[in-house]
Every structure is written in C-alpha cells, then in structure tokens.
Colleague: 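For reference, the structure I am asking about is given below.
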There are 2 protein chains.
Amino acid sequence: MSVLRMEAQRHRASHSPHISLDDQALATYRNQVTVGDSIALMEKLPAGSVDVIFADPPYNLQLQGALQRPDQSDVDAVDDAWDQFDSFAAYDAFTSAWLLAARRILKPNGTLWVIGSYHNIFRVGASLQDLGYWVLNDVVWRKTNPMPNFKGRRFANAHETLIWAARSEAGKKYTFNYDALKAANDDVQMRSDWTLPICTGGERLKDDDGNKVHPTQKPEALLARVLLASTKPGDLVLDPFFGTGTTGAVAKKLGRDFIGFEREHAYADAARARIEAVEPVPDAAQSMLQGKRAQPRVPFNALLEAGYIMPGEELVDGRGRHSALVRADGTLASGDHEGSIHKVGALVEDQQACNGWTFWHTKRDGNLVLIDDYRAEIRKKAV
Amino acid sequence: MSVLRMEAQRHRASHSPHISLDDQALATYRNQVTVGDSIALMEKLPAGSVDVIFADPPYNLQLQGALQRPDQSDVDAVDDAWDQFDSFAAYDAFTSAWLLAARRILKPNGTLWVIGSYHNIFRVGASLQDLGYWVLNDVVWRKTNPMPNFKGRRFANAHETLIWAARSEAGKKYTFNYDALKAANDDVQMRSDWTLPICTGGERLKDDDGNKVHPTQKPEALLARVLLASTKPGDLVLDPFFGTGTTGAVAKKLGRDFIGFEREHAYADAARARIEAVEPVPDAAQSMLQGKRAQPRVPFNALLEAGYIMPGEELVDGRGRHSALVRADGTLASGDHEGSIHKVGALVEDQQACNGWTFWHTKRDGNLVLIDDYRAEIRKKAV
DNA sequence: ACGTCTTCTGAATCTCGGG
DNA sequence: GCCCGAGATTCAGAAGACG
C-alpha cells in the first residue's frame with residue numbers, strides 16, 4: 001500500500017461517520033508498529049479481519065550454561081527475558097492464549113504461520129490443533145549456513161520448522177498461489193523444504209556499536225516465500241511478535257498491508273525505521289523467490305545408501321598400490337589407518353591431503369571404477 | 001548377532017536355572033518378531049533393558065482400531081470441532097501410553113526415535129516432553145522423490161520428521177557416533193536434515209499380486225543412519241510398531257540385536273521372511289570409527305616414564321612465544337605459573353582452557369615435535 | 001584494484017570420568 | 001548426588017586486513 005493510500009484510509013477512519021468502529025480499529029493499526037502485549041492488542045481488532053498471521057513466538061530455548069566454540073570464543077546466547085518460561089505448562093498457557101486470540105481475528109479462509117524449533121514447535125502444533133486450526137503443511141527451513149554443533153554431541157541443528165494452518169478445516173478457500181510458486185521454482189511445484197541462508201550481512205540490523213539489534217532476526221527471503229505463497233497483493237498480514245519487522249518490510253515491498261505488535265520499544269523503533277526505508281518494488285516477487293540452485297553435496301555415505309558400494313567391499317587406488325575396507329558406517333580402514341575416504345587416502349599416500357573421490361576405485365568385473373563416477377550418477381538423479 | 005549365538009542364548013534362557021527371569025524375558029523376544037499389542041508386550045520386558053527404541057507409530061486418526069473411543073464406539077468422521085478434539089484426545093492417550101511403556105524399558109542412557117508427519121508428530125513431541133524425555137534433535141528426512149501434491153492446493157509434502165530424544169535430561173551419556181558420521185559425510189559434521197529417497201524398487205516388499213505389503217515401508221538407508229548414529233554393534237534395538245521389519249533387517253545387517261512387536265500377523269510374517277534373508281555385513285566392516293573421546297587416557301607423566309621427555313627439559317608452543325619447564329613430577333612451570341600441561345597452557349595464553357597435548361612441543365634437532373605425537377606412540381604400543 | 005589470508009559470528013536445550 | 005580437573009570440540013559466509 002502506498003503512503004498516500006495509507007493516509008487516505010486513516011483520514012477516512014477518523015473523520016467519516018460512515019466508517020464502522022471495526023474499520024476504525026483496523027485503520028488505527030494498519031501498516032503501523034504498535035508497542036504492547038500481543039494478546040491484549042489482538043483483542044482490540046475486529047473478528048475475522050486479517051488474511052494471514054505470521055508468528056515468530058519465543059522458542060523457550062531453556063539454555064543451560066555458557067557455550068564456547070572450539071577456539072574458546074563465547075557464543076552469544078539468546079538469554080533475553082522474553083524467552084524465559086517457568087515450565088512447559090507456562091509456555092503452553094501462553095501459546096494457547098495467543099493462538100486463540102489470533103484465531104478470532106483471522107478471516108474464515110485465513111491462514112496462520114508459526115515458526116519454531118524442537119524446543120517449542122511440538123507444543124505450538126499440538127495447541128493449534130486442539131484449538132481447531134487445520135494444518136495444511138509443515139515446512140522446513142533448511143539453513144545453508146547454520147551454527148555448527150560445537151561439542152559434537154548432537155546433529156547440527158540445521159533447520160527450523162514452520163507450521164502453516166487454516167483457521168479451521170472448513171476454511172478450504174484459503175489463498176495458495178500454486179502456479180506462481182511453481183513458475184518461480186523452475187516449473188517444479190514448491191516443496192515443503194526450503195533451502196535459504198540465515199540472516200547475515202547487510203540485511204542484519206546492527207546498532208551504532210555494530211551489535212545485532214535482535215538476536216533472532218529472520219531472513220527476508222523466508223518471509224517473501226510465506227507471503228507470496230499465501231497472500232494476494234493488498235492482503236492484510238498480522239505479525240504479533242514483530243521484533244525488528246521483517247514481516248512488515250517484506251509486506252511493504254510486496255504490496256501487502258501489515259499490522260505489527262511488539263512488546264519491546266527498542267525493537268519497534270528499529271522496525272519502524274527499517275520499514276520506512278523500504279521501497280515497494282513492482283517486480284520484487286520474482287527476484288525474492290529465486291532460490292539458489294547449488295550443486296547438491298553428495299557425501300561418501302550416499303554411495304552406500306544408494307547401493308553403489310557395499311559394506312565389506314574393498315577400494316583400491318588407481319595404481320593398485322593401496323587398498324582399503326569399506327565399513328558399514330561409511331568410513332574406510334586400511335592397516336592401522338581409519339577415517340574418511342580423504343583422510344585414509346592421505347594416510348596411505350603419506351600426504352597432507354587427498355581427494356578421496358578421485359583416488360579410490362571399486363573393482364567391477366575386473367575393471368576399476370572411480371568412486372567419483374558413482375557420485376556423478378547420484379547427482380544426476382537428484383537434480 | 002549370529003544365528004548360532006541366538007540359539008545358544010535362547011537355549012540358556014530356557015534351561016539354565018542361573019539365568020534370571022529378566023534375562024529369560026529378554027531372550028524370548030531378542031531377534032524375534034512377536035505378534036501382539038505393543039504396550040502389553042513392552043510391559044513384559046524388564047525395566048532398563050533396551051539401548052534404543054525406534055518407533056513408526058500409526059497416525060491415521062480415523063482408521064486405526066486403537067483409536068476407538070473408550071466405550072469402543074468408532075470415532076465418527078464428522079468434522080466438527082468437538083469430534084476433532086475427541087479424536088486427538090484418543091490419539092494422545094494412545095501416544096502417552098506407549099511412550100510411557102517405552103520409557104520404562106529404556107536404559108538410563110538409552111534414546112528413542114519416533115518418525116511422523118504433521119498429522120501426529122506434534123502430539124508425539126509434546127507427549128514425550130511431558131513424560132520427561134529430553135529432545136536431542138528433530139531430524140528432517142528430505143525425500144528426493146516425494147509424491148507430488150496432485151491438487152495443487154498445498155506444498156508438496158516432501159519430508160517427514162524424526163524426533164531423537166534421551167530417556168531423560170540426566171541421560172547425558174547416550175551413544176552418538178559423531179566421528180563416524182562426520183567421516184562418512186566427507187569430514188563435515190552430520191546435520192539435522194537427511195536427504196534420502198523413499199523406499200521403492202527391489203527394496204519395497206510386494207505380495208504375489210505385486211501389491212505393496214505395507215503402505216508406509218521405510219527405506220533401509222534411513223534406519224541405517226539411525227542405528228549407525230545412536231547404537232554400537234551388539235546393542236539391542238526395540239521397534240514396537242515393527243511393520244514389515246525394516247528396523248530388524250537393518251539391525252541384523254549391521255550386527256545389532258532387535259526386538260520386534262507387531263499387531264498384524266501378515267506384516268510379522270513378511271518381516272520374518274525378510275529378516276531371515278538378510279546377510280550381516282562382515283565383522284570387520286561392522287567396527288566403527290572411534291573418536292578421540294573413546295581412546296584410552298594417557299597421563300602426561302607417561303611420557304616422562306617412557307623416556308620421550310626428560311625432567312628439566314623445556315617445552316614451547318607452536319609459535320615459540322611461550323616456554324615451560326618440565327618438572328620431575330609431571331607438572332610444568334612457566335614464570336609464576338605452574339600446574340598441568342593444560343593449566344599452564346591456559347595461563348600463559350590467558351585463556352579459559354587449553355588442550356596441552358596440542359599446544360606444547362619439544363625441541364628435537366632444531367625441530368618442534370608436538371607432545372601429542374608421543375601420546376599417539378604410547379597408545380599404539382599399548383594395543 | 002585484486003586476490004588471499006584472517007577474524008568474526010549465527011534461535012544452542014553442546015564433555016566426561018574419577019573421587 | 002556433587003565437585004574437580006583433564007582435554008575435546010565448528011561450518012559457511014561476510015567483512016576486514018594485508019600485500
């Protein structure tokens with residue numbers, strides 16, 4: 001919505017006797033960032049007035065002590081007060097309350113998005129099902145550059161989960177721009193897993209000291225997919241945990257209206273300044289949707305999983321001077337040496353490094369087959 | 001476990017008075033597929049007897065007999081909110097019941113895997129958190145070849161979610177083969193998103209008419225990753241919803257023991273035949289890459305005792321910025337600082353911590369030799 | 001200007017054995 | 001259960017430093 005349209009609407013709302021109280025309430029908050037408690041503010045909005053709600057609620061991370069990287073530097077933890085809850089019960093009560101308030105103001109065919117991690121997303125998902133929302137998809141945001149697991153005790157937490165739900169099972173006429181998404185995705189229908197980098201670089205809001213303004217700012221590309229998938233131009237999008245306003249910035253860029261509720265003045269101020277600077281671009285949709293088509297990484301264990309190589313098989317180098325046993329865990333063993341295809345290659349050759357892909361071969365019908373050839377085949381299939 | 005070992009164990013269990021009742025119960029079910037109700041069967045197993053549980057529970061709310069109302073009446077397929085809540089409640093009761101039974105038989109440091117989709121995974125996740133399980137990761141199985149969304153009204157459902165949880169927050173010594181996974185993944189740590197094809201082709205069990213035996217047979221590669229990540233060879237893995245026995249087939253192939261519980265005779269029969277045909281990988285290929293944490297500890301003193309380092313000698317760091325005197329008692333002294341190789345390393349570097357093994361060097365013929373190299377030699381001899 | 005090397009950082013429930 | 005001390009642990013990408 002243009003600034004002119006915004007002004008005109010607010011003018012009507014406050015001056016015309018023909019405008020209902022409901023419309024006035026909506027106009028008060030439309031394209032504004034309002035500081036306050038989300039639930040109390042949502043209760044001021046008329047029922048059935050919002051097309052889409054995007055919510056990035058506190059995750060209830062329950063972090064224990066400090067965490068250090070292997071180089072001894074400190075990890076900047078999300079230790080803010082707003083993420084602290086006494087118990088799962090307290091978190092559930094909070095979750096049900098805001099989901100209930102959100103449901104009242106959603107249009108009958110409106111949809112809700114919530115993002116979370118394993119700390120909270122099961123609570124959120126169960127709550128919204130209990131309240132009558134109808135899950136349409138869970139969507140996985142795969143991070144290209146997640147924070148690693150520094151202590152090597154778990155899988156690297158490389159994704160977050162979004163739930164996309166209709167207001168109710170009856171709300172079957174929700175907006176889903178299937179064809180636009182498909183066209184932007186090289187004519188393949190959009191899947192439930194989205195591969196996107198986290199928010200860094202120039203997009204990340206920093207204060208004067210160079211510190212990040214918000215600990216969990218989401219990338220605009222993520223919000224762009226959400227809005228382009230589930231809203232039409234001119235639709236009204238509410239974000240009850242507005243933070244630094246990624247939802248508002250993307251909404252403005254894509255010609256959608258937004259309502260932002262945020263408890264912290266500092267975040268709200270940053271969001272206002274940020275959105276003010278956003279220029280709506282007519283063709284933003286196309287550019288924002290294009291995902292990167294990186295060559296998929298195929299690790300050695302994919303060859304075992306695909307059946308190209310069997311555990312217990314022997315690999316040899318091109319000149320037949322070295323051999324190694326393929327173990328079921330996807331590692332090699334050769335004499336005293338064990339490790340990845342690269343490490344064992346380096347060890348048997350007594351070199352610092354070795355590209356195992358172009359070093360090791362299988363024996364097939366008396367011929368040597370480079371394992372890199374299998375990788376190429378897997379890549380071909382994976383597209 | 002070999003067939004011979006299996007037979008021997010069952011023989012002992014039934015004939016020797018020295019075998020406890022608990023051991024007898026375990027031996028009865030070990031490497032067997034047992035038909036019956038999972039919960040009732042789990043209650044027959046001794047507490048704390050299972051290393052890992054993998055569960056692929058039913059989630060179809062309407063069609064499962066287990067999900068009848070308490071009065072045995074069928075849940076009606078009407079879609080009003082009350083009935084929805086009713087069926088969720090029934091599903092939650094079922095979920096809590098099997099998760100509780102599973103938790104009793106898990107070893108204190110055992111872990112649980114559950115796989116599901118957005119229909120049920122939020123219920124499962126919330127339930128297991130409520131019961132005291134401690135979530136370690138949620139893992140996303142990205143399907144390379146998912147079924148498309150035919151109606152074009154949602155995103156293609158291209159993934160399923162696994163939850164990996166410890167029995168409790170206290171169970172910190174769960175098995176996680178970090179180093180093996182990393183080596184098999186081209187020396188990059190394994191992430192929480194796994195890209196694998198669905199179960200098709202020759203792996204998919206078909207009946208005589210060419211129809212698939214089980215509607216949701218999981219790929220063996222998925223189970224292989226689960227077991228390679230969280231079990232050791234010889235561990236005992238329970239699958240309470242065994243289906244056509246992917247868990248058992250992979251367990252046998254990788255040298256793990258399994259217990260399979262399945263309600264349907266047809267699935268159990270198919271699973272038995274399938275597992276019977278499985279050939280375990282050779283023993284040598286079953287051994288897994290062990291990381292540094294698994295290696296025996298070598299005190300610094302051992303280097304002095306073995307004559308690699310002499311008391312009175314000087315150690316230096318790699319960049320030649322610090323030096324320390326080796327004292328006869330195996331401690332270092334550097335300026336005002338004294339203590340272990342680690343403590344003095346940290347003190348001279350003004351860091352919180354330091355791995356002395358990879359910090360200090362001896363000077364030999366003008367070259368620096370890392371003291372960790374001496375440790376490696378001692379470890380090699382100790383074998 | 002250009003390429004290379006170094007430094008920094010991101011929603012994180014992040015060690016383990018012995019006394 | 002607690003406390004203490006040994007010693008193990010990171011990937012991608014942006015930005016800055018340096019030659």
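Throughout, protein chains are lettered first and strands after them, A, B, ... in sequence-line order, and every chain is numbered starting at 1. The structure displayed is predicted, hence computed values, not measured ones.
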Colleague: Does a sphere of radius 6.0 Å around NZ in B:Lys343 hold more than 12 heavy atoms from other residues, nucleotides or ligands, not counting ones at 6.0 Å or beyond?
Modeller: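 No, NZ of B:Lys343 has 12 or fewer neighbouring heavy atoms, counting only those of other groups under 6.0 Å.
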Colleague: Compare the minimum distances between each of C:dT15, C:dC14, C:dA11 and the side chain of A:Thr216, then state the nucleotide with the smallest one.
Modeller: C:dA11
Colleague: Taking only the P atom of each, what is the distance from D:dC4 to C:dT13 in whole angstrom?
Modeller: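 Straight-line distance between the two P atoms is 27 Å.
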Colleague: Within less than 4.0 Å of OP1 or OP2 of D:dT10, is there a side-chain N or O belonging to A:Arg153?
Modeller: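 Answer no for this pair, as no side-chain N or O of A:Arg153 is under 4.0 Å from OP1 or OP2.
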Colleague: When you check the phosphate oxygens OP1 and OP2 of C:dG10, does a side-chain N or O of A:Lys212 lie under 4.0 Å from one of them?
Modeller: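 It does, given that an N or O in the side chain of A:Lys212 lies less than 4.0 Å from OP1 or OP2 of C:dG10.
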Colleague: Testing the basics here: between A:Thr244 and A:Arg274, what is the closest heavy-atom pair and its distance to 0.1 Å?
Modeller: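 Minimum heavy-atom separation between A:Thr244 and A:Arg274: O-NH1, 2.9 Å.
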Colleague: Rounded to whole angstrom units, what separation is found between the CG atom of A:Asp207 and the P atom of C:dT9?
Modeller: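 The answer, rounded to whole Å, is 12 Å.
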Colleague: Okay, side chain of A:Tyr91, backbone of A:Gln84: is any donor-acceptor separation there less than 3.5 Å?
Modeller: no
Colleague: Within the 3.5 Å criterion, strictly below it, is a donor on A:Glu160 or A:Tyr59 matched to an acceptor on the partner's side chain?
Modeller: yes
Colleague: Just to be sure I understand the rule, does A:Ala156 reach a base, reach only the sugar-phosphate, or reach nothing, if contact means heavy atoms closer than 4.0 Å?
Modeller: nothing
Colleague: Do B:Trp113 and B:Trp164 have their ring centres less than 6.0 Å from each other?
Modeller: yes
Colleague: Return yes if some donor-acceptor pair links the side-chain N/O of B:Asp350 with the main-chain N/O of B:Leu347 below 3.5 Å, else return no.
Modeller: no
Colleague: Rounded to the nearest 0.5 Å, how far apart are CG of A:Asp329 and CD of B:Gln290?
Modeller: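 These two atoms lie 9.0 Å from each other.
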Colleague: Over all strands shown, is B:Asn355 touching base, sugar-phosphate only, or nothing at heavy-atom distances under 4.0 angstrom?
Modeller: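 If one applies the 4.0 Å heavy-atom cut-off, B:Asn355 turns out to touch a base.
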Colleague: Is B:His342 close enough to D:dA6 that one of its side-chain N or O atoms is under 4.0 Å from OP1 or OP2 there?
Modeller: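 Checking B:His342 against D:dA6: no side-chain N or O falls below 4.0 Å of OP1 or OP2.
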Colleague: Starting at atom CH2 of B:Trp360, determine the distance to atom P of D:dA6, rounded to an integer number of angstrom.
Modeller: 14 Å
Colleague: Grab the N/O contacts between the protein and nucleotides 11-18 of chain D below 3.5 Å, and write none if there aren't any.
Modeller:
from, atom 1, to, atom 2, distance (Å)
D:dC11, OP1, B:Gln189, N, 2.7

Colleague: Between D:dA6 and C:dA12, how many Å separate the two P atoms, rounded to a whole number?
Modeller: 31 Å
Colleague: Using a heavy-atom cut-off of 4.0 Å across all strands, would you classify B:Lys173 as base, sugar-phosphate, or nothing?
Modeller: sugar-phosphate
Colleague: Once pairs are restricted to Watson-Crick or G-U wobble with both distances under 3.5 Å, how does DNA chain D read as a dot-bracket string, [ ] for crossings and | for other-strand pairs?
Modeller: .|||||....|||||||||
Colleague: Can you see whether B:Glu349 engages B:His322 through a side-chain donor-acceptor pair at a distance of less than 3.5 angstrom?
Modeller: yes
Colleague: Has A:Arg375 got its NZ or CZ under 6.0 Å from the middle of the six-membered ring of A:Trp357, at an angle within 45 degrees of the ring axis?
Modeller: yes
Colleague: If I take atom CD1 in residue B:Ile341 and atom P in nucleotide D:dA6, what distance separates them, rounded to the nearest angstrom?
Modeller: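 Atom CD1 in B:Ile341 sits about 9 Å away from atom P in D:dA6.
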Colleague: Just checking B:Thr358: base, sugar-phosphate only, or nothing, at a heavy-atom cut-off of under 4.0 Å?
Modeller: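 Here B:Thr358 touches no strand at all.
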Colleague: In terms of the nearest nucleotide of DNA chain D, which residue is placed more toward the 5' end: B:Cys354 or B:Ala170?
Modeller: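 Closer to the 5' end of DNA chain D: B:Ala170.
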Colleague: Rounded to whole Å, please give me the gap between CG in A:Asp56 and C1' in C:dA11.
Modeller: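 Answer to the nearest Å: 9 Å.
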Colleague: Just call it for A:Asp83: base, sugar-phosphate, or nothing, with non-hydrogen atoms closer than 4.0 Å on any strand.
Modeller: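 Answer is base: heavy atoms of A:Asp83 come under 4.0 Å of a base.
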Colleague: Return the value, rounded to whole Å, for the distance between atom CH2 of B:Trp357 and atom P of D:dT9.
Modeller: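 Rounding to the nearest Å, CH2 of B:Trp357 and P of D:dT9 are 15 Å apart.
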Colleague: With P as the reference atom in both, quote the distance from C:dG18 to D:dA8 in angstrom, rounded to an integer.
Modeller: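 About 15 Å, rounded to a whole number of Å.
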Colleague: How would you label the contact of A:Pro219 with the nucleic acid (heavy atoms, under 4.0 Å): base, sugar-phosphate, or nothing?
Modeller: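 No contact.
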Colleague: Measure from the ring center of B:Phe300 to the ring center of B:Trp360 and say whether it is less than 6.0 Å.
Modeller: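 Ring-ring flag for B:Phe300/B:Trp360: false, centres at least 6.0 Å apart.
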Colleague: Do A:His214 and A:Trp82 have ring centroids that are under 6.0 Å from one another?
Modeller: yes
Colleague: When you check the phosphate oxygens OP1 and OP2 of C:dT13, does a side-chain N or O of A:Asn157 lie under 4.0 Å from one of them?
Modeller: yes
Colleague: Just the rounded figure in Å: distance from C1' of C:dT13 to CG of B:Leu136.
Modeller: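 After rounding, the reported distance stands at 9 Å.
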Colleague: Distance criterion of 3.5 Å, no angle test: do you see the side chain of A:Lys218 paired donor-to-acceptor with the base of C:dA11?
Modeller: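 Side chain to base: pair present.
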Colleague: Using heavy atoms to find the nearest nucleotide of DNA chain C for A:Ser73 and A:Phe88 separately, return the residue whose nucleotide is more 5′.
Modeller: A:Ser73
Colleague: Can the ring centroids of A:Phe94 and A:Phe85 be said to lie less than 6.0 angstrom from one another?
Modeller: yes
Colleague: OH of A:Tyr59 versus C1' of C:dG10: gap in Å, rounded?
Modeller: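 Interatomic distance, OH of A:Tyr59 to C1' of C:dG10: 13 Å.
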Colleague: Round to a whole Å and report the spacing from CG of A:Asp74 to P of C:dA12.
Modeller: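 Rounded to whole Å, this separation is 14 Å.
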Colleague: On DNA chain C, compare the nucleotides closest to A:Ile198 and A:Lys151; which residue's is nearer the 5' end?
Modeller: A:Ile198
Colleague: Roughly how many Å apart are D:dG5 and C:dA11, using the P atom of each and rounding to a whole number?
Modeller: 36 Å
Colleague: Assign A:Arg154 to base, sugar-phosphate, or nothing according to its heavy-atom contacts below 4.0 angstrom with the strands shown.
Modeller: base
Colleague: Under the rule syn = chi within 90° of 0, otherwise anti, which is C:dT13?
Modeller: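 Syn, since the glycosidic angle lies within 90° of 0.
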Colleague: Which listed nucleotide (C:dA11, C:dT13, D:dT10) is nearest to the side chain of A:Asp71?
Modeller: D:dT10
Colleague: B:Arg379 side chain: which of D:dA8, C:dT9, C:dA11 is closest?
Modeller: D:dA8
